[in-house]
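Following: one structure in structure tokens, then a few remarks.
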Amino acid sequence: MVKQWVVKSGRHKATYFRKDATENAGEGNVLGLVKNGELVVGEFLFVKRASREAGFVKVHNLEQQYGNKWLVKNSEGAPSTLLRKHPQESDDSANTVGFALNGELVEGEFLFCLRKGERRGGFVKVRHLKARENKMPVEPPMEPAELAALAAALRAKPAQRWAVMDSSHDGAWMRKTPSNDRGQQNVICLVPNGAAVIGDFIHVRPSATGEDGYLRFSDLEQQGPKSWRVKNGPKQMLRSPDAKEVVCEVADGESLSGEFVLVSYKNGKYEGFVKRSYLTALVQAKELTDEVHGRGTAAAKTGGAKA
């Protein structure tokens, strides 16, 4: 995801900072000039579909083809991408124009930006901007001592272990809150592919009440990418994993939605939320022992029968 841009206007020393996403360079539409080298922030590109439907799409869901042509390519793997009325995070119906499908070609020239220290935004032609990647801390793999400490912790208190794997990227974002916001304020770090994390609780929302809370992964059966069903219920949904406060009781078989698992990384040094789709559950030591023991017993019985 790119949210920071450096102005680079070719032959000119500056470029227009416009009120509306149009070619109009008159006084009524020009808010000012942004100089070469100036840093601006923005992630919403104003685009037009072949159907003439127009709105804002996040840049990380687009892949530039040529000129002002962009290919819709949802970064989360969804089949479509939200087209917003306004360049805001809100994804409710009031801010929704429609949805652009993956593989669809759209046209976009103007990026909605904010200048440093200013609250009022404006539009800059994207060809006059050079993307500057946000520098998020990428954690290296664990050291042997840290792995040993993690192994000791697992032996002392069994917990669900996960391996991080996002095949499209170098790792998965660890977030402060269970939301899709990938801004600097909500991202803790990038957990590299192959790293092991620990987490027993998933942030969920029952379909019936709409309240949110936490349930243990072991008390749920996954039905879809973001859908779950309570098993061996009823279960108590907690306000937070560390608190005893109960939000509500969920019945056996009740449906819930949720995609973020609360995990700890590097022996508890980092704690945050990672999407379930980027986590592969690892077999617990006890389960593995039982499985091997079961196979050994079965083999012994088979051998005895043949004898």
Side-chain angles (χ1 to χ4, degrees), residues 1-5 41-45 56-63 72-82 84 87-91 102 111 114 131-143 146 150 159-205 212-215 217 222 224-228 240-242 257-282:
M1 177 187 67
V2 176
K3 293 186 70 173
Q4 292 186 329
W5 308 79
V41 178
E43 62 174 330
F44 291 100
L45 186 72
F56 295 89
V57 173
K58 289 189 175 183
V59 179
H60 67 258
N61 290 323
L62 297 168
E63 189 176 275
V72 177
K73 188 176 181 180
N74 190 279
S75 62
E76 302 291 335
S80 61
T81 295
L82 179 64
R84 292 173 164 86
Q88 301 167 353
E89 283 291 339
S90 174
D91 57 1
N102 276 353
L111 186 78
L114 288 171
R132 177 179 173 183
E133 297 287 345
N134 288 333
K135 295 182 179 179
M136 295 294 181
V138 179
E139 290 300 321
M142 291 186 187
E143 296 295 330
E146 292 175 313
L150 177 59
Q160 178 60 54
R161 296 183 299 140
W162 311 84
V164 174
M165 180 53 64
D166 179 359
S167 58
S168 300
H169 302 90
D170 294 330
W173 295 120
M174 176 180 279
R175 297 167 163 90
K176 293 179 183 178
T177 61
S179 74
N180 283 313
D181 178 16
R182 291 188 295 182
Q184 287 182 307
Q185 299 302 315
N186 195 45
V187 170
I188 297 172
C189 68
L190 182 70
V191 184
N193 287 337
V197 296
I198 298 175
D200 284 323
F201 288 91
I202 298 181
H203 180 263
V204 293
R205 189 185 302 272
D212 63 313
Y214 296 84
L215 283 172
F217 175 74
Q222 192 161 9
K226 301 178 185 179
S227 58
W228 305 81
S240 71
D242 299 326
S257 60
E259 63 175 325
F260 290 96
V261 180
L262 180 62
V263 300
S264 62
Y265 174 46
K266 299 198 79 171
N267 200 26
K269 183 178 180 181
Y270 300 99
E271 185 174 83
F273 296 89
V274 174
K275 287 191 175 185
R276 170 66 181 89
S277 57
Y278 299 146
L279 297 174
T280 300
L282 299 177

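Worth saying up front: this structure is predicted, and the values here are computed from it rather than measured.
Residue Ser257 holds its OG atom at 11.5 Å from CD1 of Ile202, rounded to the nearest 0.5 Å. Atom CD of Gln160 sits about 7.0 Å away from atom CG of Asp200, to the nearest 0.5 Å. Rounded to the nearest 0.5 angstrom, Leu215 CG and Trp228 CH2 are separated by 10.5 Å. Between Asn74 atom CG and Asn102 atom CG the span is 5.5 Å, to the nearest 0.5 Å. Interatomic distance, OG1 of Thr177 versus CZ of Phe260, reported as 8.0 Å (0.5 Å rounding). Between the CD atom in Glu259 and the OG atom in Ser179 there is a gap of 9.5 Å [rounded to 0.5 Å].
Contact check for Val197 versus Val274: no side-chain heavy atoms found under the 4.5 Å cut-off.
The two residues Arg161 and Ile198 come nearest to each other via the heavy atoms CG-CG1, 4.3 Å. Here the closest heavy-atom approach between residue Lys176 and residue Ile188 is recorded as CG-CG1, 3.5 Å. Closest approach of Gly199 to Trp162, counting heavy atoms only: O-NE1, 2.9 Å. Nearest heavy-atom pair across Arg84 and Glu89 is NH2-O, 3.2 Å. Closest non-hydrogen pair, Gly42 versus Trp5, comes out as O-NE1, 2.7 Å. When all heavy atoms are compared, the tightest approach of Tyr270 to Met174 is CB-SD, 3.8 Å.
A side chain to side chain contact (heavy atoms under 4.5 Å, CB included) with Leu45 is found for exactly one of Leu62, Asn61, Val57, namely Leu62. Under the side-chain hydrogen bond (donor to acceptor under 3.5 Å, both in side chains) rule, Asn180 has a single partner from Arg175, Glu76, Lys275, which is Lys275. For the pairing with Ser75, the side-chain hydrogen bond (donor to acceptor under 3.5 Å, both in side chains) check across Lys58, Arg182, His169 returns one residue only, Arg182.
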- Task: Show your working on side-chain contact (heavy atoms from CB on, under 4.5 Å) between Leu279 and Val263 and close with a plain yes or no.
- Result: CA-CA 10 Å; Leu279 297 174; Val263 300; 4.3 Å; yes
- Does the pair His203 and Asp212 meet the rule for a side-chain contact (heavy atoms from CB on, under 4.5 Å), with working shown? CA-CA 7 Å; His203 180 263; Asp212 63 313; 2.9 Å; yes
